[in-house]
Amino acid sequence: MKRDALTLLRDPVTMAPLELEVFEADGNEIIEGLLTCETRWYPITRGVPRLLTGDVRGDYSAFVEKHGLQDRLGFEPTSQPPASSQVETNKTFSDKWRRFKNYGFEAEHQKFLGGWFAKKFGLSSADELPGFYRQAESVLEIGPGSGFNTRFMAEHCPGPVVSIDISEAADTTYGNVGSMPNTHVVQADCNLIPCEDDTFDFAIADGVLHHTPDTRKATEAVYRKVRPGGRFFFYVYRQMGAARQFCDQYLRKHLSPLDPEACYQACEGITEMGRELSRLNATITLEKGIPLLGIPPGEHNVQRLLYYNFLKCFWNDAFDWETNNMVNFDWYHPHDAWQHTEDEVRGWLRDFGVTDYAINDANPNGISVLLRKPD
Ligand SMILES: C[S@@+](CC[C@H](N)C(=O)[O-])C[C@H]1O[C@@H](n2cnc3c(N)ncnc32)[C@H](O)[C@@H]1O
């Protein structure tokens, strides 16, 4: 954590300013320390401030003992209502981002992901991304995972990029981008963001909000942090056709309770099917389609037809076997992975008072929204 993060960070519950005590530093970077306000304390460990409350808060007894804080920290943080589904979801992502630290940093990944972001923002190519980010003086990123996009944004955004992840993914993000001069990586819940409202020029939550207990609530919590006139991009899962929902529910019921390693293994058959269908490189033409299952008439790539309408059997040659398998694992393992309709999302935006927005189906599995908060 950098010392100047103190100007941005607040107690996530009361928004009170935080006081910093440094136990170990490396230049401007605080490796171990303590953040306090009147009634709460939060540790900084391995460079990351851990601004968590309630049942997602870690066990910091070793930290307290190491720094002889037992007598001083008599007050325990008050807890928020139980969020045990978030605790379960965090297990998926703490494990995933420990395994896939390099995701998005390799040249092949970047080519694919750059095009992907451009499409989701409604830009004509990845070449427009630097200019897109340069318009923002400050960025709030929710759920950075490996931090590949944190790095890209921090390279182009002139001001601070605050990246918030609730799971131990925050350690992976910090390991990858913590040394950049304008990044601030924080372990926190997007429902309790430790920053003032109306602050950021741009906020982004790509594939994150549907992994919280309540997608709408999380979307609103992030929206509050965007300054009037600022922009917010989010991507949430779209409710798919009936056959895909049926398969997904069945597979999730069996795969989600497994420990991550067992689930990775169980996903291998799905990944193999994606790879083999992809190798077929075959298309079929349906004159009628199956409207009841959401399958339109027209030409369909066979792998995509199965992928979008029956089960998520992802395969992309830009990734190795393990990474492809991880993408399928990522769909079936998280405890919370809500799907939404476009009408539902439009309803949220109406409730928030947003009128200036674009919804885009660059990825048919999801709903991509780029909005501007009213001035
Ligand atoms: C599927 S990953 C997406 C990572 C990255 N945005 C990407 O596209 O590669 C979802 C991330 O959201 C984080 N996450 C889930 N619930 C969260 C919450 N309530 N607050 C902050 N982060 C959360 C997870 O820990 C995980 O790192």
Side-chain angles (χ1 to χ4, degrees), residues 100 102-163 165 173 176-177 180 182-183 200-211 219 222-223 226 229-238 278 301 303-304 307-308 312 314-320 323-324 326-327 330-331 340 342 345-346 349 354 356-373:
F100 291 93
N102 291 332
Y103 176 78
F105 285 99
E106 289 165 28
E108 275 302 298
H109 298 187
Q110 281 177 5
K111 216 164 102 195
F112 167 68
L113 291 165
W116 181 240
F117 274 102
K119 262 196 188 164
K120 292 205 280 192
F121 293 164
L123 305 175
S124 58
S125 84
D127 296 342
E128 292 181 24
L129 285 173
F132 179 89
Y133 291 125
R134 228 174 273 128
Q135 294 168 42
E137 281 284 335
S138 55
V139 172
L140 171 66
E141 184 189 28
I142 306 296
S146 69
F148 71 89
N149 198 39
T150 324
R151 185 178 77 175
F152 190 80
M153 292 191 293
E155 278 168 356
H156 298 100
C157 169
V161 175
V162 177
S163 271
D165 204 297
T173 313
N176 283 329
V177 304
M180 295 177 80
N182 56 340
T183 55
F200 295 92
D201 280 341
F202 179 60
I204 178 165
D206 185 29
V208 178
L209 304 169
H210 47 236
H211 291 309
T219 309
V222 182
Y223 176 74
V226 178
R231 290 179 303 170
F232 175 23
F233 170 82
F234 64 93
Y235 167 88
V236 292
Y237 291 155
R238 182 186 293 276
S278 190
N301 173 286
Q303 187 259 345
R304 294 273 131 181
Y307 172 87
Y308 288 133
K312 172 141 181 164
F314 178 86
W315 183 266
N316 186 317
D317 284 331
F319 298 124
D320 61 15
T323 308
N324 276 292
M326 172 272 275
V327 175
D330 179 278
W331 183 261
H340 301 281
E342 220 171 281
V345 173
R346 286 185 198 277
L349 300 178
V354 175
D356 182 359
Y357 67 88
I359 290 192
N360 156 336
D361 62 357
N363 176 354
N365 272 166
I367 302 171
S368 301
V369 180
L370 180 61
L371 66 84
R372 190 177 290 279
K373 190 169 180 173

**Q.** Y308 and N365, any side-chain heavy atoms less than 4.5 Å apart
**A.** yes
Q. Which residue, D206, N360, N363, forms the side-chain hydrogen bond (donor to acceptor under 3.5 Å, both in side chains) with K120?
A. D206
Q.
To the nearest 0.5 Å, what is the distance between CG on D165 and CD1 on I142?
A. 9.0 Å
(Q) Please enumerate all residues that pass ring-ring contact (aromatic ring centres under 6.0 Å, His included) together with Y235, with sequence neighbours excluded. (A) none
(Q) For T323, give me all partners under side-chain contact (heavy atoms from CB on, under 4.5 Å), at least two apart in sequence or on another chain. (A) F100, Y103, F319, D320, M326
Q) Can you name the closest pair of heavy atoms from I359 and E342 and give their distance? A) CG2-CD, 3.7 Å
Q: Answer with yes or no after comparing the ring centroid distance for F152 and H156 against a 6.0 Å cut-off, counting only values under it.
A: yes
Q) Hey, does Y357 have a side-chain heavy atom less than 4.5 Å from the side chain of V345? A) no
Q) Sequence neighbours excluded, which residues qualify as salt bridge (charged side-chain N to carboxylate O under 4.0 Å, His left out) partners of K373? A) D198
Q | Aromatic centroids of Y237 and H211 separated by under 6.0 Å | A | yes
Q) Would you say R151 and N176 make side-chain contact, with heavy atoms under 4.5 Å? A) no
Q) Knowing that exactly one of Y133, F202, F121 qualifies, which makes a ring-ring contact (aromatic ring centres under 6.0 Å, His included) with F233? A) F121
Q: Taking ring-ring contact (aromatic ring centres under 6.0 Å, His included) as the test, write out the residues that go with F314, two or more places apart.
A: none
Q: Check whether any side-chain N or O of R372 sits under 3.5 Å from a backbone N or O of G229 as a donor-acceptor pair, and report yes or no.
A: yes
Q) For residues 103-117, which residue pairs qualify under salt bridge (charged side-chain N to carboxylate O under 4.0 Å, His left out), counting only residues two or more places apart or in two chains? A) none
Q) Can N301 and Y307 be counted as having a side-chain donor-acceptor contact under 3.5 angstrom? A) no
Q. Can you check whether N324's main-chain N or O pairs, donor with acceptor, with N316's side chain at less than 3.5 Å?
A. no
Q.
Nearest 0.5 angstrom please: L209 CG to Y223 OH, how far?
A. 14.5 Å
(Q) Ignoring hydrogens, what is the shortest heavy-atom contact between A154 and T183? Give both atom names and the distance. (A) CB-CG2, 3.6 Å
Q: Taking all non-hydrogen atoms of both residues into account, name the closest pair between H109 and G104 and its distance.
A: ND1-N, 2.9 Å
Q) Would you say the side-chain atoms of T173 pair up with the backbone N or O of G145, donor to acceptor, closer than 3.5 Å? A) yes
Show me, pair by pair, the donor-acceptor contacts under 3.5 angstrom made by side chains of residues 122-132, not counting sequence neighbours?
unit_1 : atom_1 : unit_2 : atom_2 : d
S124   : OG     : E128   : OE2    : 2.3
S125   : OG     : D127   : N      : 3.1

Q: Could you tell me whether the side chain of N182 and the main chain of G159 form a donor-acceptor pair under 3.5 Å?
A: yes
Q | Min side-chain heavy-atom separation V161-M180 under 4.5 Å | A | no
Q | Heavy-atom donor-acceptor pair, S138 side chain to F200 backbone, under 3.5 Å | A | no
Q. Just checking, any donor-acceptor pair under 3.5 angstrom between side chains of Q303 and S278?
A. no
